[in-house]
Protein chains: 2
Amino acid sequence: MSTVEKAISLLNFFTEDTPEWGLSELARQAQFDKATTRRLLVALANSGLIEQHTVTRRYQLGAGLLRLARVRESHFPLLQVAVPVLRDVATATDETVHLSEFGARGLVTVHVEESTKANRVSVANGQILPLHATASGIAFLAFSPSQLAKSYLRKSLTAFTRHTLVQPARLDDAIKAAAEHGYSRGEQGYEDGVFSIAAPILGLDGYAIGSIAVAMPLSRNTKATTERHIQAVRGAAQAISTRLFGEQPTPRQARVA
Amino acid sequence: MSTVEKAISLLNFFTEDTPEWGLSELARQAQFDKATTRRLLVALANSGLIEQHTVTRRYQLGAGLLRLARVRESHFPLLQVAVPVLRDVATATDETVHLSEFGARGLVTVHVEESTKANRVSVANGQILPLHATASGIAFLAFSPSQLAKSYLRKSLTAFTRHTLVQPARLDDAIKAAAEHGYSRGEQGYEDGVFSIAAPILGLDGYAIGSIAVAMPLSRNTKATTERHIQAVRGAAQAISTRLFGEQPTPRQARVA
DNA sequence: CATCCATGGATCATTATTTGATCCTATAGT
DNA sequence: ACTATAGGATCAAATAATGATCCATGGATG
């Protein structure tokens, strides 16, 4: 562990629960010598990453972090973070993978990686996904503020195919299952012959900001592929959140019914 | 400069304008040896403060910063940051200093440091300050979204004293002056015999989130004290912003008229 | 009130890490 | 094919980090 790494490792002891540390206290926790710890803290303080309360002599995270975090954030919009991850999922599954983001217009597809297979599902960029009829939508609803999910349950649910969930009770069940398992499945709810698995991308508050889905022709679906897609999609969604926010948000499931 | 400080100094080269650096490029800019720069970057990368794009090999700020910044933010609400600064101003001026924050209820006084003088201005905590009649309010308006300021100009302006600015044109002028100079003055606009100087506390977007004001009996007011209070209040407002956000926001003046 | 113990901070010979000249390889431009 | 520049690796020499030890201060505790 280099000196620099040691110094930075100290920063990670500062959390919401323990936002302040005394010198000895921190040295003990980090298992560094007290003198070493102090030198590291002083260096961090000179750089603005740490501040010392002049009265209590305790150490806290510094204001310098805020500027840096902002630069990072402005350089990393959802798309930029998500596209490489989507590509990985597309490569791993060789099925069409698409990302959607919830905004004013609803749940909009913002990026698609198409399968290389001849028989594949095509998804148009910019397409608005009905929340009740797609795996993406249900995954999103399952991790939305309860009010949003409930209000959707009361809406008139358009039937796009014979399989679209139009009975509130059925949709309710699907949302509950998605909330419980962390992913949703859609079987011909929007287009005939399409099977998909989706997982929510969580924002810092634990609510979904969008979703990521793998879509395949129903004919190709097997238990094994389903299982693989679930893993891939959930992993990808988590990876995106983590890269966007630096940590995995705690999920907040919608309480329907 | 310690190794740790060198490493962290590298972080500061990453800005909104230049959010990515190549190794050699950065080494040149920072005036470190290329090998040194690389080792530092690797250490930072291992700690999550830097990430390297696997394809382009360029370096960017890492996701680890986000968590840290959030801890810092949650630990530093306005009050906690501002109170020590207010206290300094109070000590320096020996006049009553008060801080107000704009929220749903309007501009509310959230902290007061009273002068030790017998003849002093008293301000109640929790008091709601009329925007058009107080130095704090005008300083706030001058750095608000233009729409807010304009809509206020159209409202019926209550007269609290004979000196309250009730003519839109006069208020308009006061706002313009405050926008130009970065501080406002209030002379008996709310209470007779009170003179105050206020400066806006800017949020990251450059708009005011509140203000800080020094209030004194008009009788004690001289050119010299006014000048000192202006300096003190402006400095304090800037210090608070800087401590809250890690940098001084660029002011955004309201365009009235 | 004296004592004790833990705290933050300073010192400095010893030790281990950082440093940077140099080399290697890959890639892009001429 | 040649050149320039990139990122990255190496290792003896230089330097900075280390930690045992000491000091001063400030609560506790008897």
Side-chain angles (χ1 to χ4, degrees), chain A residues 1-15 17-64 71-72 75-76 80 84, chain B residues 1-15 17-64 71-72 75-76 80 84 87 243:
Chain A
M1 211 191 211
S2 72
T3 310
V4 172
E5 283 168 85
K6 279 183 208 162
I8 296 171
S9 77
L10 288 180
L11 294 178
N12 293 318
F13 287 98
F14 295 81
T15 65
D17 294 333
T18 54
E20 291 184 8
W21 289 90
L23 170 58
S24 304
E25 204 181 352
L26 181 56
R28 242 173 290 128
Q29 192 70 21
Q31 311 217 47
F32 295 152
D33 187 90
K34 192 159 62 98
T36 301
T37 306
R38 197 180 119 75
R39 244 174 326 97
L40 297 178
L41 284 172
V42 168
L44 290 168
N46 289 336
S47 314
L49 264 44
I50 283 279
E51 285 167 9
Q52 187 178 29
H53 193 118
T54 38
V55 175
T56 65
R57 319 250 84 187
R58 291 167 72 79
Y59 296 88
Q60 328 165 329
L61 292 179
V71 172
R72 157 84 193 191
H75 192 231
F76 268 79
Q80 195 148 354
Chain B
M1 210 188 210
S2 74
T3 311
V4 173
E5 283 168 86
K6 281 183 207 162
I8 296 170
S9 76
L10 288 181
L11 294 179
N12 293 319
F13 287 97
F14 295 82
T15 65
D17 294 332
T18 53
E20 292 184 7
W21 290 88
L23 169 57
S24 304
E25 204 181 351
L26 182 56
R28 242 174 289 129
Q29 192 71 22
Q31 311 217 48
F32 295 153
D33 187 90
K34 193 157 62 97
T36 300
T37 307
R38 195 178 121 75
R39 242 175 330 94
L40 296 178
L41 284 171
V42 168
L44 290 167
N46 288 337
S47 313
L49 264 45
I50 283 280
E51 286 168 9
Q52 186 179 29
H53 193 118
T54 38
V55 176
T56 64
R57 319 251 84 186
R58 290 165 73 77
Y59 295 87
Q60 327 165 331
L61 292 178
V71 171
R72 156 84 193 191
H75 191 231
F76 268 80
Q80 194 149 356
R87 209 157 277 159
R243 284 187 58 77

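Chain naming here is simple, since letters A, B, ... match the order of the sequence lines and numbering starts at 1 in each.
A distance-only check finds a donor-acceptor pair linking the side chain of A:Thr15 to the backbone of A:Asp17 [under 3.5 Å]. The closest donor-acceptor contact from the side chain of A:Thr37 to the backbone of A:Asp33 lies under 3.5 Å.
Distance, B:His53 NE2 to D:dG7 P: 14 Å, rounded to whole Å. Per the geometry, CG belonging to B:Asp33 stands 14 Å off P belonging to D:dT15, to the nearest Å. Rounded to a whole Å, the NZ atom of A:Lys6 is 8 Å from the P atom of C:dT18. Taking atom CZ of A:Phe32 as the reference point, atom P of C:dA16 lies 17 Å away to the nearest angstrom. Computed from coordinates, the A:Gln31 CD to D:dG19 P distance equals 12 Å when rounded to whole Å. A straight line from CG of A:Leu26 to C1' of C:dG9 spans 15 Å, rounded to a whole angstrom. Atom CD of A:Glu25 and atom C1' of C:dA6 are 12 Å apart (whole Å). If you take CZ of A:Arg58 and P of C:dA6, they are 17 Å apart, rounded to a whole angstrom.
Separating the CG atom in B:Leu61 from the NE2 atom in A:His75 is a distance of 9.0 Å, to the nearest 0.5 Å.
Between D:dA17 and B:Thr3, a contact under 4.0 Å exists linking OP1 or OP2 to a side-chain N or O. Close to D:dG7, at under 4.0 Å from its OP1 or OP2, lies a side-chain N or O of B:Ser24. OP1 or OP2 of D:dG8 lies within a sub-4.0 Å distance of a side-chain N or O belonging to B:Arg57. Between B:Arg38 and D:dG8, a side-chain N or O to OP1/OP2 separation shorter than 4.0 Å is present.
Considering every non-hydrogen atom in both A:Tyr59 and A:Phe14, the closest pair reads O-CE2, 3.1 Å. Shown here for A:Gly22 and A:Arg58, the closest heavy-atom pair between the two residues is N-NH1, 3.8 Å.
The side chain of A:Arg39 sits closest to D:dG19 out of C:dG8, C:dG20, D:dG19.
Between the side chain of A:Lys34 and the base of D:dG19 there is no donor-acceptor pair of N/O atoms closer than 3.5 Å.
The nearest heavy atom of DNA chain C to A:Trp21 and to B:Ser2 marks one nucleotide each, and the one closer to the 5' end goes with A:Trp21. The residue among A:Met1 and A:Tyr59 whose nearest nucleotide of DNA chain C lies closer to the 5′ end is A:Tyr59.
Using a 4.0 Å heavy-atom distance criterion, A:Arg28 is classed as a sugar-phosphate-only contact. Contacts of A:Gln52 with the nucleic acid, taken as non-hydrogen atoms under 4.0 Å apart, involve only primed sugar atoms and P, OP1 or OP2.
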